[in-house]
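Here's the structure we're looking at; comments come further down.
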Protein chains: 2
Amino acid sequence: MKRKALYRKPLATTGSQAKKSEQTRSLILETALELFTERGYEETTMRAIADKAGVALGNTYYYFRSKEHLIQGFYDRLHELHRETCVPIIQRERTLKGRLLAVMRQILVNMEPYHQFAGVLFRSAADPHSPLNPFSSESEAVRKESVEWFAEVLKGTRVPADLETELPELLWLYHMGIVLFWIHDRSAKQVKTRRLMELTVEIITRLISIASLPLMRPLRKSAIELLTTLRQDVA
Amino acid sequence: MKRKALYRKPLATTGSQAKKSEQTRSLILETALELFTERGYEETTMRAIADKAGVALGNTYYYFRSKEHLIQGFYDRLHELHRETCVPIIQRERTLKGRLLAVMRQILVNMEPYHQFAGVLFRSAADPHSPLNPFSSESEAVRKESVEWFAEVLKGTRVPADLETELPELLWLYHMGIVLFWIHDRSAKQVKTRRLMELTVEIITRLISIASLPLMRPLRKSAIELLTTLRQDVA
DNA sequence: GTCTATAACCGGATAGAC
DNA sequence: GTCTATCCGGTTATAGAC
């Protein structure tokens with residue numbers, strides 16, 4: 001299994017020392033991800049990871065507080081991959097629909113290799129007490145950046161003014177919903193998720209474009225009130 | 001902590017024998033639920049449950065294949081409580097909005113005592129490989145019944161014909177979304193979820209009532225296509 | 001078929017020495 | 001930072017009693 005080496009988190013320490021520990025950390029994470037994708041999360045023991053990486057069991061716990069935190073490492077990498085691939089798309093595509101479609105498509109492409117063990121990822125993400133929970137403070141940085149991308153997706157397109165502040169967060173939430181469906185998707189190469197995504201992007205762009213009509217005003221009001229309530233909890 | 005004794009699953013065996021084993025099963029589940037709500041799921045050991053229930057450790061495994069399966073027991077009870085409380089509501093309330101509001105309110109009331117350990121419940125539910133996953137075959141019976149209640153909620157109200165078959169499943173999905181939010185809701189007595197629910201019920205009933213307008217036809221078409229795709233995966 | 005008692009296994013997590 | 005030893009708890013196995 002080939003993977004781009006995306007993980008690097010240059011710490012503010014002096015040169016080679018920091019580099020060494022960063023290498024060990026990276027080695028452990030790399031090994032863990034390999035084993036996870038090979039034989040699954042539950043089937044991979046911490047001892048096996050330590051063995052294959054050639055370090056002591058205790059050492060893996062020095063770098064990752066728990067087995068779950070290894071998933072957090074995966075999460076971070078995936079996020080970085082999303083950034084590298086999605087930002088150019090936003091610059092290239094000029095319409096809302098074109099951008100949203102291309103970005104969502106790219107996200108699905110990026111995640112595809114990890115479909116088999118993504119269930120575990122979400123299992124943790126769903127637990128309100130887990131650091132992996134996308135609403136948790138630990139995930140705040142990543143979440144904020146993602147929401148900003150969706151703000152970029154909207155930039156320069158026609159959107160009702162009162163919706164403008166709420167929409168990026170809503171699109172992020174939508175994207176989480178698609179990921180949730182993807183995790184449960186058993187169809188070959190997750191074609192169903194792709195179809196679902198294409199249809200919902202169609203609906204969303206339509207909804208946004210008719211949202212300005214006077215007929216829709218009371219509905220839009222309710223929706224905005226709703227989003228304000230929702231946001232208080234997310235932020 | 002008081003709780004209605006709702007669990008009974010009369011097996012097709014002869015009288016007192018079956019009753020006895022059913023009592024033991026019930027006792028174990030009851031004890032487990034008590035400890036879970038008292039001190040949390042992770043903090044409750046299988047040994048502690050066995051001790052407090054006054055049975056041998058092995059016996060708890062005789063009745064419940066794993067610690068997770070105890071949650072399934074909780075799930076079943078909650079569902080039965082929902083049935084007992086929601087069916088009368090549907091008979092009493094006559095409008096769509098009134099029914100949906102009252103049913104959703106009741107569901108939140110029923111769940112309230114379990115908010116603290118509900119996270120774990122959902123943690124398992126989110127795993128596509130877990131039997132607790134609401135889309136799994138093990139959960140099919142419960143899911144089907146829930147969807148039927150939502151069909152009852154719609155019965156006798158004005159709904160566009162082409163949406164009629166899809167809406168019950170969609171409302172069930174909506175209710176799952178509310179539960180998801182509720183799990184993550186940290187506000188006192190989960191008032192935020194309640195507010196969110198009230199606002200979304202408002203939006204949903206509005207959406208349904210304007211869905212028949214000619215202007216909305218293309219949007220409704222897309223939505224129905226989407227739901228058909230979605231259903232193939234759920235069913 | 002229902003239940004007890006006890007020991008053992010396995011793997012995630014921790015403590016503390018170097 | 002790295003290791004070894006140990007703990008802890010979910011789970012399994014066994015052997016026997018009613």
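Labels below follow one simple rule: chain letters A, B, ... track the order of the sequence lines, proteins then strands, and each chain is numbered from 1.
- Here the P atom of nucleotide D/dT2 and the CZ atom of A/Arg25 are 13 Å apart, to the nearest Å.
- Remark: B/His82 engages no residue in a ring pair (Phe, Tyr, Trp, His ring centres under 6.0 Å) (not counting sequence neighbours).
- Residues meeting the ring pair (Phe, Tyr, Trp, His ring centres under 6.0 Å) test with B/Phe36, sequence neighbours left out: B/Tyr41, B/Phe117.
- B/Tyr61 pairs by the ring pair (Phe, Tyr, Trp, His ring centres under 6.0 Å) definition with nothing, not counting sequence neighbours.
- Residues that satisfy the side chain to side chain donor-acceptor pair (under 3.5 Å) test with B/Thr24, not counting sequence neighbours, are absent from this structure.
- Note: CZ (A/Arg47) to C1' (D/dC3) measures 14 Å, nearest angstrom.
- If you measure from atom CD1 of A/Ile71 to atom P of C/dG12, you get 12 Å, rounded to the nearest angstrom.
- For D/dT11, the base has no donor-acceptor partner in the side chain of B/Arg65 [N/O atoms by modelled type, under 3.5 angstrom].
- When atom types are taken as modelled, the side chain of A/Ser139 and the backbone of A/Phe135 share no donor-acceptor pair closer than 3.5 angstrom.
- Here D/dG9 presents its C1' atom at 13 Å from CZ of B/Phe36, a figure rounded to the nearest Å.
- For A/Lys67, whose side chain is taken as the heavy atoms from C-beta onward, the closest listed nucleotide among C/dG12, C/dT2, D/dT2 is C/dG12.
- Atom CD of A/Glu43 is separated from atom P of C/dC10 by 16 Å (rounded to the nearest Å).
- Sorted by first then second residue, the salt bridge (charged side-chain N to carboxylate O under 4.0 Å, His left out) pairs that include residues 105-116 of chain A, not counting sequence neighbours, are A/Arg105-A/Glu198.
- In this structure, B/Glu42 atom CD and C/dG12 atom P are separated by 14 Å, rounded to whole Å.
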**Asked** Passes salt bridge (Lys or Arg N to Asp or Glu O under 4.0 Å), A/Glu30 versus A/Lys52? Steps please.
**Response** CA-CA 11 Å; A/Glu30 202 68 42; A/Lys52 188 167 180 190; over 6 Å; no
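- For the pair B/His69 NE2 and D/dG10 C1', the interatomic distance rounds to 14 Å; values are reported in whole Å.
- Listed by residue number, the members of residues 48-61 of chain B with any heavy atom below 4.0 angstrom from DNA chain D are B/Leu57, B/Tyr61.
- Between A/Thr45 and C/dG11 there is no side-chain polar atom (N or O) within less than 4.0 angstrom of OP1 or OP2.
- Between D/dC18 and B/Lys20, no contact under 4.0 Å exists linking OP1 or OP2 to a side-chain N or O.
- For A/Tyr62, whose side chain is taken as the heavy atoms from C-beta onward, the closest listed nucleotide among C/dA8, D/dT2, C/dT2 is D/dT2.
- Following rounding to the nearest Å, A/Leu27 (CG) and D/dG1 (C1') show an atom-to-atom distance of 14 Å.
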